[in-house]
Amino acid sequence: MTSSFEPSLSTSGMRPPLTSADAPSMADSLPSINFGFEDLRNRMAQFTARFDAFIENGRKQILEERNQFKIGLAELQEDQRMKQRDIEILNIKSQTHEQTLQKEAAEAAEMHATISSVTMERDSRLTKRDRLKQQINETQKAINQKLEAQKAHAQHLDAQSRLNIPELEFWQDYFCLRIEGAGREDRLKFVFSHLLEKDWEAEAWFELGTSCRDYEVFHARPKLDRDALNKELDILNEDRDFGAFLKRMRRLFVQTMK
């Protein structure tokens, strides 16, 4: 226990007499006062030690946190660099994908255009085919009709020829006439003989065209008067009496040769 300081004690009463040299000093007569400096020093030393330890621990913690922050920052920077690289790779892939999509779209458009063109061409060919089929059917019908008509006409000619053979033989005998080909399918050559009593071998002939309904004489030997010949042709084309025409033509040749 430390004694407390008593302020009520007067120091003037403890002064030694001025005249006595051997008297005790006033300082010696003062009471002993203990302020607790050792304890305070110890406590301060402990506080200083704790404070230094706190500062050291704080410095170590700060250093660790700073190092950890640097490590985290480096990791973040590395992550950012990797992410940036991933972004660049994704951008390249995106651009490539976009180019691929554009190319595919262009190819698809070209394919659609080709399909449309082929479809139009197919439709056109189908229409043309149907039109040709119709034309073929119509042509076949016309051919069949013509064949039937030709068949009927051939039958008619066959029947007519059977009727004409006796008449033709009569003309040949009666008019001293023979019928020859003129080198063309639509022409006949009629040759008369025994025209002159002085020269039974002398002959006269004419070529008759049969391609049209109206008959036409192309050549005649000897040459006949054109007006007289046209007159005979007009009569023939009017009455269609071929026997009478041959009789008049023989008479016309006889008149011309005389």
Original post:
Just wondering, more than 12 heavy atoms not from Glu138 lying within 6.0 Å of its CD?
Top reply: yes

Subject >> Hydrophobic cluster identity match, Leu208 and Ile235, side-chain contacts under 4.5 Å >> reply: no

Subject >> Shared hydrophobic cluster for Tyr215 and Trp205 (ILVMFWY, side-chain gaps under 4.5 Å) >> reply: no

Subject >> Results of side chain to side chain donor-acceptor pair (under 3.5 Å) for Glu38 - residues two or more places apart only >> reply: Arg41

Subject >> Rounded distance [0.5 Å steps], NE2 in His194 versus CZ in Arg250 >> reply: 8.5 Å

Original post:
In Å and rounded to the nearest 0.5 Å, what is the CG to CZ distance from Asn237 to Arg213?
Top reply: 7.5 Å

**OP:** Output yes when Glu203 and Arg178 qualify as a salt bridge under the 4.0 Å nitrogen-oxygen rule, no when they do not.
**Re:** yes

Original post:
Does Phe190 have its ring centroid less than 6.0 Å away from the ring centroid of Phe242?
Top reply: yes

**OP:** First locate atom CD of Glu180, then atom CD of Glu207, and finally report the distance between them rounded to the nearest 0.5 Å.
**Re:** 10.0 Å

**OP:** Answer yes if Trp200 and Met257 sit in the same cluster of Ile, Leu, Val, Met, Phe, Trp and Tyr residues linked by side chain heavy atoms under 4.5 Å apart, and no otherwise.
**Re:** no

Subject >> Under 3.5 Å: donor-acceptor pair, side chain of Thr139, backbone of Gln135 >> reply: yes

Subject >> Those residues that, when tested against Asp199, pass side chain to side chain donor-acceptor pair (under 3.5 Å) (two or more places apart) >> reply: none

Subject >> Within-4.5 Å side-chain heavy-atom neighbours: Cys176 and Phe192 >> reply: no

Subject >> Non-hydrogen atoms of Leu252 and Glu232 that approach each other most closely >> reply: CD2-CG, 4.5 Å

Original post:
Got a sec, which pairs hit side-chain hydrogen bond (donor to acceptor under 3.5 Å, both in side chains) with one end in residues 98-123, sequence neighbours left out?
Top reply: Glu121-Arg125

**OP:** May I ask you to check whether Asn144 and Gln140 show a side-chain donor-acceptor distance below 3.5 Å?
**Re:** yes

Original post:
Could Arg59 and Glu56 be called an ion pair, given the rule that one side-chain N must be under 4.0 Å from one carboxylate O?
Top reply: yes

Subject >> Close side-chain approach of Leu76 and Gln80, heavy atoms under 4.5 Å >> reply: no

**OP:** Of all the heavy-atom pairs spanning Arg226 and Val217, show the shortest one and how long it is.
**Re:** NH1-O, 4.0 Å

**OP:** Output the distance between atom CZ (Arg129) and atom OG1 (Thr127), rounded to the nearest 0.5 Å.
**Re:** 9.0 Å

Original post:
Are Val191 and Leu196 linked, directly or through other ILVMFWY residues, by side chains that come within less than 4.5 angstrom of each other?
Top reply: no

Original post:
Is any side-chain heavy atom of Met249 closer than 4.5 Å to a side-chain heavy atom of Phe206?
Top reply: yes

Original post:
Looking at CG of Leu101 and OG1 of Thr96, how far apart are the two atoms once the value is rounded to the nearest 0.5 Å?
Top reply: 11.0 Å

Subject >> Hphob cluster co-occupancy, Phe253 + Phe218, side-chain heavy atoms under 4.5 angstrom >> reply: no

Original post:
In Å, rounded to the nearest 0.5 Å, how long is the span from CG of Asp241 to CZ of Arg248?
Top reply: 7.0 Å

Subject >> Salt-bridge present (Glu78, Arg81; N to O < 4.0 Å) >> reply: yes

Original post:
Within a radius of less than 6.0 Å around CE of Met44, do more than 12 heavy atoms belonging to other residues, nucleotides or ligands occur?
Top reply: no

